[in-house]
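Working notes, beginning with the structure itself.
The structure displayed is predicted, hence computed values, not measured ones.
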Amino acid sequence: MKNTIKKLFCTALCLILTITIFAGCSSNNDKIDFIYPFSGDIKSFDPQIAKTADEFLLVENCFEGLVRVNDNGKVQAGVAKTWEISNGGKTYTFHLRQGAKWNVKSTSQSSDNKELTKVQELMGESFNPDITANDFVFALQRACEKNTDAPLFSSISNIVNASKIHSGKLSSNKLGVKALDDYTLEINLKSADDGFLNVLATAVAMPCNKEFFYNTKGRYGLDDKSIISNGAFFIRQWFYDPYGHDNFVYMQRNLANNKYDKIYPTSLNFYIKDTYEESENSFADNESDVLLSFMYNKNKYKK
């Protein structure tokens, strides 16, 4: 294992590693791998249907919402650079950062500068859109539709008409979320909620590009060619065989966002083990950098 990475033993208090851990960490070495084993397979990278701790971990490192929550629990700017809350705490207006891009793998990140991006393979070479307010409108509308079956729907059910849409009484375009222009988003709630900004930092409220979503023809989030990201990392490679062994997810730093965040490490490698014991042994043998556990075995991890 590389000596430049400090091995971490995490208890249940930090069950989910998110973008706030990986973004903003400093290092003198610009070539660092972060190797992390866990038990349990990833079924999808679709933020609106993420439901397990492992899926949240990966999604929240590939996507960035309107806001983010730092290590101290404080809400910070994400894609939205500023926001106002009015109407007795029921109307949120977000002003998005211009120039934030959707990205999977840019040609500048290819060693020979000839490899097409996964987005380009799917959509054509010209597809490289900005992230706009419409991406958040579409994502929240999707999350409210009953057919999406979003596990975290209840956390956004306070948005105007969300429950009626979820029950099929209204169409999703009646949701109390609208793009005032490309970079201004308005969200209206049924009642004031002091915790709503924190909700917007979770997977269910991550943006979704409508054009890309429909062009995946039902494959969105189900393979590494059918997902785009706007977060700290993009999916470089994902191997999943429900009957196989040694499944993995490789992520690489998203240089499209490097203008705003200096992201370390440069890559995240997630090795999916069949059992927790395998993950534990991998950590004990210095084959991985992080282990999440409810108990600390002092003798086993003393080296």
Side-chain angles (χ1 to χ4, degrees), residues 15-19 38-69 78-79 102-104 118-119 122 131 134-159 161-168 170-175 177 187 196 198-235 237-242 247-249 251 268 270 272:
L15 185 60
I16 299 178
L17 301 176
T18 66
I19 188 172
F38 52 74
S39 56
D41 275 312
I42 305 302
K43 303 300 189 295
S44 173
F45 275 91
D46 182 342
Q48 275 68 57
I49 65 172
K51 62 181 178 180
T52 68
D54 292 334
E55 288 172 342
F56 291 143
L57 185 156
L58 298 179
V59 162
E60 291 175 11
N61 280 287
C62 289
F63 290 85
E64 181 171 44
L66 291 163
V67 298
R68 62 174 69 166
V69 177
V79 177
W102 283 106
N103 185 55
V104 175
K118 295 182 189 298
V119 175
L122 187 64
I131 299 162
N134 289 302
D135 295 323
F136 290 95
V137 172
F138 181 65
L140 291 169
Q141 288 176 344
R142 278 194 66 224
C144 290
E145 292 175 346
K146 191 169 183 62
N147 289 340
T148 302
D149 195 23
L152 296 182
F153 165 74
S154 61
S155 67
I156 59 171
S157 60
N158 190 31
I159 298 176
N161 291 332
S163 296
K164 291 181 179 179
I165 293 167
H166 194 255
S167 65
L170 289 176
S171 62
S172 60
N173 62 7
K174 300 298 184 182
L175 186 66
V177 179
I187 302 178
F196 185 65
N198 293 75
V199 170
L200 294 178
T202 64
V204 70
M206 297 299 173
C208 182
N209 182 275
K210 185 176 182 178
E211 183 182 4
F212 184 91
F213 175 83
Y214 282 116
N215 274 277
T216 63
K217 302 184 185 305
R219 294 291 304 168
Y220 184 71
L222 297 180
D223 58 59
D224 55 11
K225 291 186 178 183
S226 301
I227 196 68
I228 56 177
S229 71
N230 72 313
F233 299 89
F234 67 89
I235 305 298
Q237 190 175 7
W238 175 24
F239 177 78
Y240 172 63
D241 178 357
N247 293 333
F248 61 82
V249 176
M251 294 186 188
L268 304 178
F270 297 89
I272 303 168

So which heavy atom on [X] is nearest to which on [Y], and how close?
| X | Y | answer |
| --- | --- | --- |
| A143 | A150 | O-CB, 3.5 Å |
| N173 | Q141 | CA-NE2, 3.6 Å |
| L140 | V204 | CD2-O, 4.4 Å |
| V69 | A201 | CG2-CB, 3.7 Å |
| A50 | A203 | CB-CB, 4.4 Å |
| C62 | S229 | O-CB, 2.7 Å |

For the atom pair [atom1] ([X]) and [atom2] ([Y]), what is the distance rounded to the nearest 0.5 Å?
| X | Y | atom1 | atom2 | answer |
| --- | --- | --- | --- | --- |
| I228 | E211 | CD1 | CD | 9.0 Å |
| I165 | L175 | CD1 | CG | 4.5 Å |
| C144 | K164 | SG | NZ | 13.5 Å |

Check your understanding: Pick from I159, N158, L152: which one makes a side-chain contact (heavy atoms from CB on, under 4.5 Å) with I156?
Key ->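 When I159, N158, L152 are each tested with I156, the side-chain contact (heavy atoms from CB on, under 4.5 Å) holds only for I159.
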
Start with the C-alpha gap between V177 and F136, add the side-chain angles, then the distance that decides, and say whether side-chain contact (heavy atoms from CB on, under 4.5 Å) holds. CA-CA 9 Å; V177 179; F136 290 95; 5.9 Å; no

Non-hydrogen side-chain atoms of N230 and D135 separated by less than 4.5 Å: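 They are not in side-chain contact.
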
* To do: Indicate yes or no: at least one non-hydrogen side-chain atom of F213 is less than 4.5 angstrom from one of F138.
  =>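 Answer yes - side chains close enough.
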
How are the rings of F153 and H166 set to each other: parallel, tilted or perpendicular (split at 30° and 60°)?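 Rings of F153 and H166: parallel, under 30°.
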
Q: Would you check, one step at a time, whether the test side-chain contact (heavy atoms from CB on, under 4.5 Å) holds for S157 with S163?
A: CA-CA 6 Å; S157 60; S163 296; 4.0 Å; yes

Next on the checklist: Evaluate T202 against F56 for side-chain contact (heavy atoms from CB on, under 4.5 Å), listing each step before the verdict.
Outcome noted: CA-CA 8 Å; T202 64; F56 291 143; over 6 Å; no

*Decide side-chain contact (heavy atoms from CB on, under 4.5 Å) for I227 and F63; before the verdict, give the C-alpha distance in whole Å, the side-chain angles of both, and the deciding distance to 0.1 Å.*
CA-CA 10 Å; I227 196 68; F63 290 85; 3.8 Å; yes

Treating T148 as the side-chain partner and R142 as the backbone partner, does any N or O pair qualify as donor plus acceptor under 3.5 Å?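 Present.
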
Item to check | N/O donor-acceptor pair under 3.5 Å between Q48 side chain and M206 backbone | outcome: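 Yes, the answer is positive, given that a donor and an acceptor are paired below the 3.5 Å cut-off.
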
